[in-house]
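For reference, the structure discussed in these notes is given below.
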Amino acid sequence: MSLLNKKKKSFIGVPAPLGYVPGLGRGATGFTTRSDIGPARDATDISDERHGKPGFANEKKPQEEDEEEDLNDTNYDEFAGYGGSLFSSCPYEKDDEEADAVYDSIDKRMDDRRKERREKRFKEEIEQYRQERPKIQQQFSDLKRKLGEVSEDDWLSIPEVGDYRNKKQRNPRTEKFTPVPDSVLHGALMSGEKITTLDSRQQKYGGFQTPFPGGITPGGMTTGFSTPSADLDLIKIGEARKSLVGVKLDQASDSVSGQTVVDPKGYLTDLQSLTPSSGGDIGDIKKARLLLKSVITTNPQHGPGWIAAARLEEVTGRMQAARNTIMKGTEVCSKNEDVWLEAIRLQPPETARSVCAQSVGQLPQSVRLWIKAAALEEETKAMKRVYRKALEQIPNSVRIWKAAVELEGPEDAQIMLSRAVECCPTSVELWLALARLETYENARKVLNKARENIPTDRQIWITAAKLEEANSNLPMVEKIIDRAVTSLKANGVEINRDLWIKDAEESEKAGSVVTCRAIIDTVIGIGVEEEDRKHTWMEDANSCIANNAFECARAIYAHALSVFPSKKSVWLRAAHFEKNHGTRESLEALLQNAVKHCPKAEILWLMGAKSKWMAGEINQARSILALAFQANPNSEEIWLAAVKLESENNEDQRARKLLQRARLNACTPRVMMKSIKLEWVLRNLSEAENLLAEAVQQYPDFAKLWMMKGQIHEELKQLDNAREAYKLGTKKCPHSIPIWLLLARLEENAGHATKARSVLEQARQKNPKSAELWLEAVRIETRGERKEFAKTLMAKAMQECPASGILWAEAIFMESRPQRKTKSVDALKRCEHDPHVLLAVARLFWSERKINKAREWFNRAVKLDPDHGDSWACFYRFELQHGTETQQESVMQRCVLAEPHHGENWCAVSKAIPNWRLRTKDILPIVAKSLKSVEKE
């Protein structure tokens, strides 16, 4: 009973809330049955979508969704896409924004990584496209360049362009012109004439009749008026006009060349004398005159206004008005120096002195007026008198004192300078000028007084040092410079080492070498950090060398060596400096000190031995090498230098013994190579072959041994053995380009061009981007008269090696003559600093007979790479053909100093067995003679 009476729960019978799932908190899952969605549900029941779809899915799809999606640009959104996209209506939350930012950063980073590659590919495609489809502008680029060579006479001789169009192309309305005949004009003139005679036709009609232009009509007399020009002949007027025009043209032109015959100087003089005649110019002048009048009226004390007004009148040709104006200005502005100077300038010479006298009377303290007054005098005596009056008024003017002293002799100048330094004690120039005129003892006193009066000027101290040096008191020079630095520092003067070094350079140019060295020793270390000393001093030395101050550079090197006595690089720099700018004695003395401080530096020993050898002192060179052996036992460089010294001086047995000892004590591939080369050049081929067999066993990866073996077999006509040696060499040393070239040339010389091409193809596979291999392949085709295929190969070579100078140089002369200049311009763009390209350009100018330009480019080539022997040989041959004996000797001397070792033609001659004893001066003419003439290219 109690259960029945219990209160009923409020939620019983009430529909479940939307989306409610019973038991969801206990892990139950909602599901939907057929009764939830079927027809059993009453139409009036509340919808119970417990497991509803997401909000964007519950929305009713638009009717247009079934239709075709609108892909118009106006329907596109950068983020959501097109209007019909799947997620276009989703809310854009913060996590979506973060995700998009991450994706954007990744895209940007990937784009940056590919940017360089993409730009490079795009650039290559553009270049390829432009090569395949050049513009018309590029095709005529060589012709445009030639326009710069056209002279002014050629331009003037170009004929006028006529009208070559036919009649149909012309526009008759605008271009057709038919002049009125003179008969029409004559008839018009006669129509107004008064007739006073009877015509024979009047008798026919029996009376007076009125004439008409076309005849006579009956009816009486004429009604026209008479004119005074009734008797004029228009034909004669036209002829007279033509004659007059012809006379004027003949006066203004030359009948031969068409040049004007007007005197240019007289014409310019006439132009200067003309006054502006146009209305606009006259109006401007009137406005300017009115404006300046207003200026000098409202502010008469303004001197520039008076000057401008006077100059306006001067420009318009009214000189008297200009003088009157400026003289009025001197009355109003009597204390203005510029106005007086302008008045003096405008006055004629006869009145300028009086005006100048008035000016100095008004302004006795004006230096410029006194100097102007002196300049107006014609006699020196009068100028001295003016300057002395000026010094009475302005005794402290340095400018006037200097001008006055310049007019005096040595004795009077000395007296005047003594007075000048009293009046102007702070003028360094006056003190120094006085010191130059005094004796040694008096000059020292003068300079001491100058230092007391001007304690902050370094020039007085430097002059004192030069004075002591000139009088052979050398120990005092360095003391004076030291005291100078100490005194200037004490007086608060900053020691600027750059200015002091410039003073040292000037002292050297003046001949004061000791003063120059003292300045360098004293100031070279001021203001330089300890770790930067070596670098800074080397730069200072290079700067002095560039300014031709060799003593300054020598002093810098000496100071650097005193601070860094064990630095090999400093010794080397100093040695090279002495070699280029010093004497042999100074070089040898320096090298003797160098090897004492750096005994392990082989190159210093070798430089000393070479210097003795070149001077012909063979025994001294041997003794230096003996000392080098003691300091550097078993040194390959010293062994080979000793061998070269003996072999070059025909001491073959001593060289052979040295090489035997070297092979026992310090055997290296180079020692073996030199041993084989010695036996080869001495024609002991059997011993050379034995040494080669031993060497290739010991050092199979040294390419030069295989090359020598093949060349010896070639010399003995053993082509199969030579071929085998080269093949073994390419296997052991596949990256040695010369072996591949020797093998290819061997096959070509044997008549096997196909094998030679195959060899070069194999070489290019193992050594990609080798310009030498491509060049040899091109030359094989050229020598085989297959020029078109050679050009194709050259194009491939340029694609693989676009910056190769030897390929560009060869490509220039593969073109026809009209195209070579264009090709050379492209070569210079790609390889501006390549000696092969510069040499090719020089030869191109040589072939075109442009001698000066060719010489200029030859000089560029040898300066860029002095070690390139082909440039020297070509330059020497050019001078033999077009130069003087002096120029030929100059090229020879420069080449001997450079001692070139490289170059295709140079090495072919210098390394030939018959030429092994020849020196540079002997090799140069042989190589020059062997070169192909430029006329045949």
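- Within a 6.0 Å radius of CD in Glu848, other residues, nucleotides and ligands contribute more than 12 heavy atoms.
- Around CD of Glu715, the count of heavy atoms belonging to other residues, nucleotides or ligands within 6.0 Å exceeds 12.
- Each ring pair (Phe, Tyr, Trp, His ring centres under 6.0 Å) pair with one or both residues in residues 760-793, not counting sequence neighbours, would appear here, but there are none.
- Residues passing the ring-ring contact (aromatic ring centres under 6.0 Å, His included) test with Phe577, sequence neighbours excluded: Tyr557, His581.
- Shown here is Ile603, whose CD1 atom has no more than 12 heavy atoms of other residues, nucleotides or ligands within 6.0 Å.
- Counting non-hydrogen atoms of neighbouring residues, nucleotides and ligands closer than 6.0 angstrom, the NZ atom of Lys727 reaches no more than 12 such neighbours.
- Residues forming a side-chain hydrogen bond (donor to acceptor under 3.5 Å, both in side chains) with Asp111 (at least two apart in sequence, or on another chain): Arg118.
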Quiz: residues 903-910 side-chain donor-acceptor pairs under 3.5 angstrom, not counting sequence neighbours:
{"residue": "Glu904", "atom": "OE1", "partner": "Arg779", "partner atom": "NH1", "Å": "3.0"}
{"residue": "Glu904", "atom": "OE2", "partner": "Arg779", "partner atom": "NH1", "Å": "2.8"}
{"residue": "Asn905", "atom": "ND2", "partner": "Asp870", "partner atom": "OD2", "Å": "3.4"}
{"residue": "Trp906", "atom": "NE1", "partner": "Pro900", "partner atom": "O", "Å": "3.2"}
{"residue": "Ser910", "atom": "OG", "partner": "Trp906", "partner atom": "O", "Å": "2.9"}

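- You'll find the side chain of Pro925 reaches within 4.5 Å of the side chain of Met892, heavy atoms only.
- Looking at Glu124 and Arg121, no side-chain N of the basic residue comes within less than 4.0 Å of a carboxylate O on the acidic one, giving no salt bridge.
- The ring-ring contact (aromatic ring centres under 6.0 Å, His included) search around Phe858 returns Phe875, Phe878, not counting sequence neighbours.
- Residues satisfying the ring-ring contact (aromatic ring centres under 6.0 Å, His included) criterion with Trp605, sequence neighbours excluded, are absent altogether.
- In terms of the side-chain hydrogen bond (donor to acceptor under 3.5 Å, both in side chains) criterion, Ser804 has no residue partners (sequence neighbours excluded).
- Remark: Leu897 engages no residue in a side chain to side chain contact (heavy atoms under 4.5 Å, CB included) (not counting sequence neighbours).
- Formation of a donor-acceptor pair under 3.5 Å by the Glu508 side chain with backbone atoms of Phe550 is found in this model.
- Evaluation of the salt bridge (Lys or Arg N to Asp or Glu O under 4.0 Å) rule for Glu637 yields Arg670 as partners, not counting sequence neighbours.
- A salt bridge is defined here as a Lys NZ or Arg NE, NH1 or NH2 lying under 4.0 Å from an Asp or Glu carboxylate O, and Glu776 with Arg783 meets this definition.
- Atom CD of Glu531 has more than 12 heavy atoms from other residues, nucleotides or ligands within 6.0 Å.
- With hydrogens and angles ignored, the 3.5 Å screen pairs no side-chain donor or acceptor of Ser543 with any backbone N or O of Asp540.
- Salt-bridge annotation for Arg860 and Glu856: present, with a side-chain N of the basic residue lying under 4.0 Å from a carboxylate O of the acidic one.
- Side-chain contact between His882 and Trp846: present, with at least one pair of heavy atoms (C-beta onward) separated by less than 4.5 Å.
- Scanning for side chain to side chain contact (heavy atoms under 4.5 Å, CB included) contacts around Asn580 gives an empty result, with sequence neighbours left out.
- Inspection of the Lys534 and Ser569 side chains reveals an N or O donor paired with an N or O acceptor under 3.5 Å.
- Applying the side chain to side chain contact (heavy atoms under 4.5 Å, CB included) criterion to Leu742, with sequence neighbours excluded, gives Met707, Gln711, Tyr726.
- The only option from Arg757, Glu788, Met794 that meets the side-chain contact (heavy atoms from CB on, under 4.5 Å) definition with Glu781 turns out to be Arg757.
- Salt-bridge annotation for Glu879 and Arg855: present, with a side-chain N of the basic residue lying under 4.0 Å from a carboxylate O of the acidic one.
- Looking only at side-chain heavy atoms (C-beta outward), Asn542 and Arg573 come within less than 4.5 Å of each other.
- Between Glu127 and Arg830 there is a salt bridge, with a side-chain nitrogen of the basic residue lying less than 4.0 Å from a carboxylate oxygen of the acidic one.
- For the pair Thr536 (side chain) and Arg533 (backbone), a donor-acceptor distance under 3.5 Å is absent.
- Counting non-hydrogen atoms of other residues, nucleotides and ligands closer than 6.0 Å to NZ of Lys731 gives a total of 12 or fewer.
- Glu119 is linked by a side chain to side chain contact (heavy atoms under 4.5 Å, CB included) to Lys115, counting only residues two or more places apart in sequence or in another chain.
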